[in-house]
Amino acid sequence: MTKSIQPGKLAGQGVVPSHIAIIMDGNGRWAKSRMLPRVFGHKKGVDALRETVRACSDLGVSYLTVFAFSSENWRRPPDEVGFLMNLFLQVLTGEIKRLNRHNVRLRLIGDRCRFPQELAAKIDMAESATAGNTGLTLTIAADYGGRWDILDATHRLLADHPEKSATFGEDDLVPYLAMSYAPEPELFIRTGGEQRTSNFLLWQLAYTELYFSDLAWPDFDRKALEQAIAWYLGRERRFGQISEQLRSSETTC
Ligand code: IPE
Ligand code: IPE
Ligand code: MG
């Protein structure tokens, strides 16, 4: 059984992660296994997201980043893509008040150019309506791909600093990445049973702990989140070093 985790409290060897990134996968299969059209799974997935946002706020997580639509998801059947665009629009419209009530700041990362105009305008509106909130930052990755992110950052860096084309390093590039406002995720969760990153946050996940759940996203809940965090708290993050080095720096600091 999972121990219940208190906000920001030390448990095991670490604190609750400040940034959790989630691939919300398995919606279609959740619906199919119930003889329902795939899109019912996407609708139900919104409830799971609401519960996860709430749980992250309660646990003192600072950043929650969720993959809602990848650069590659445009390849899906047009009626599913159309349904998802409408769902985004509806959810953004319906949730702004709730986000404000819970002090949640909303951000979107991804290439916005391909969204229907009404949706793009709603995203801008939702971001500015929640910009002053100081609690959890909820980032929705939509029309997002890790390769796009790295290329986009490189293009913008070189447009600003052509003189650095042969010399730029990580510190020059990182401020141009889509998530430059957040620390790198300590914990990555993918639901739905697949064990791959599917082009999510490729740069930022370099040293993230990877957790895979067989639950379909619509079945993911607070208990499942706490289980993932409890697993994370048992990991030793070595960043290339060896255990003994970590222990000696713990005693000298
Ligand atoms: C994730 O669920 C949601 C999106 C990619 C939009 P899927 O739709 O990929 O569900 P499965 O993986 O087909 O079950
Ligand atoms: C990844 O899921 C993208 C999102 C959850 C938004 P996919 O279902 O699209 O990933 P693949 O195609 O199985 O790798
Ligand atoms: Mg999938």
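As the structure lists them, so they are numbered: ligands from 1, and atoms in each ligand from 1. The first residue of the sequence shown is numbered 1, and numbering continues consecutively from there. These numbers come from a predicted model, not from an experiment.
Looking at E236 and S243, their side chains do bring a donor and an acceptor atom within 3.5 Å of each other.
The backbone N or O of C113 sits less than 3.5 Å from a side-chain atom of D111, completing a donor-acceptor pair. No donor-acceptor pair under 3.5 Å is formed between the side chain of N73 and the backbone N or O of D143.
For the residue pair R114 and S71, the shortest heavy atom distance occurs at NH2-O, 4.0 Å.
Residue-level proximity to ligand 1 for A216 is absent, since no heavy atom of it falls below 4.0 angstrom. The proximity of H42 to ligand 1, defined as any non-hydrogen pair under 4.0 Å, is limited to the side chain. For F200, no heavy-atom contact with ligand 2 is shorter than 4.0 Å.
Counting only heavy atoms of the protein, atom 10 (O) of ligand 1 lies nearest to G28 N, 2.9 Å. For atom 2 (O) of ligand 1, the nearest protein heavy atom (residue, atom name, distance) is N27 N, 3.3 Å. In this structure, atom 9 (O) of ligand 2 lies nearest to the protein heavy atom N73 ND2, 2.9 Å.
For ligand 2, one of its N or O atoms has an N or O atom of S198 under 3.5 Å away.
Not close to ligand 1: E194, with no non-hydrogen atom less than 4.0 angstrom away. Taking 4.0 Å as the cut-off, R38 counts as a neighbour of ligand 1 on heavy-atom distance. Contact analysis leaves S70 out of contact with ligand 1, as no non-hydrogen atom separation drops below 4.0 angstrom. Heavy atoms of R190 approach ligand 2 to within less than 4.0 angstrom.
With respect to R237 and E186, no salt bridge is recorded, no charged nitrogen being found less than 4.0 Å from a carboxylate O. Residues E194 and R29 are paired through a salt bridge, judged by an N-O separation under 4.0 Å between the basic side chain and the carboxylate. Salt bridge annotation for K44-D219: absent, with no cationic side-chain nitrogen under 4.0 angstrom from a carboxylate oxygen. In summary, K164 and D172 engage in a salt bridge, as defined by a charged side-chain N under 4.0 Å from a carboxylate O.
Counting the atoms of ligand 2 from 1 in the order shown, those under 4.0 Å from a heavy atom of F69 are 6 (C). Set against the non-hydrogen atoms of R29, the atoms of ligand 1 under 4.0 Å away are 11 (P), 12 (O), 14 (O). Shown in contact with I23 at under 4.0 Å from a heavy atom are these atoms of ligand 2, numbered in order with element: 1 (C), 5 (C). Listed by number with element, the atoms of ligand 1 under 4.0 Å from a non-hydrogen atom of G26 are 2 (O), 10 (O), 11 (P), 12 (O), 14 (O). Near A68, meaning under 4.0 Å from any of its heavy atoms, are these atoms of ligand 2: 6 (C).
Taking the six-membered ring where the residue is Trp, Y176 and H161 present perpendicular rings, their angle passing 60° and hence far from 30°. Taking the six-membered ring where tryptophan is involved, the planes of W74 and F115 are tilted, since the angle between them lies from 30° to 60°.
Within a 4.0 Å radius of atom 12 (O) of ligand 2, the protein contributes no heavy atom.
The atom of D25 nearest to the Mg ion (ligand 3) is OD1, with the search restricted to N, O or S atoms.
Between F40 and W30, the ring centre distance reaches or exceeds 6.0 Å.
Scanning M24, R196, R76 for the heavy atom closest to atom 7 (P) of ligand 2 points to R76.
At a cut-off of 2.8 Å, E194 does not coordinate the Mg ion (ligand 3) through any N, O or S atom.
Taking the ring centre of Y181 as origin, the terminal cationic atom of R107 falls inside the region bounded by 6.0 Å and 45° from the ring axis.
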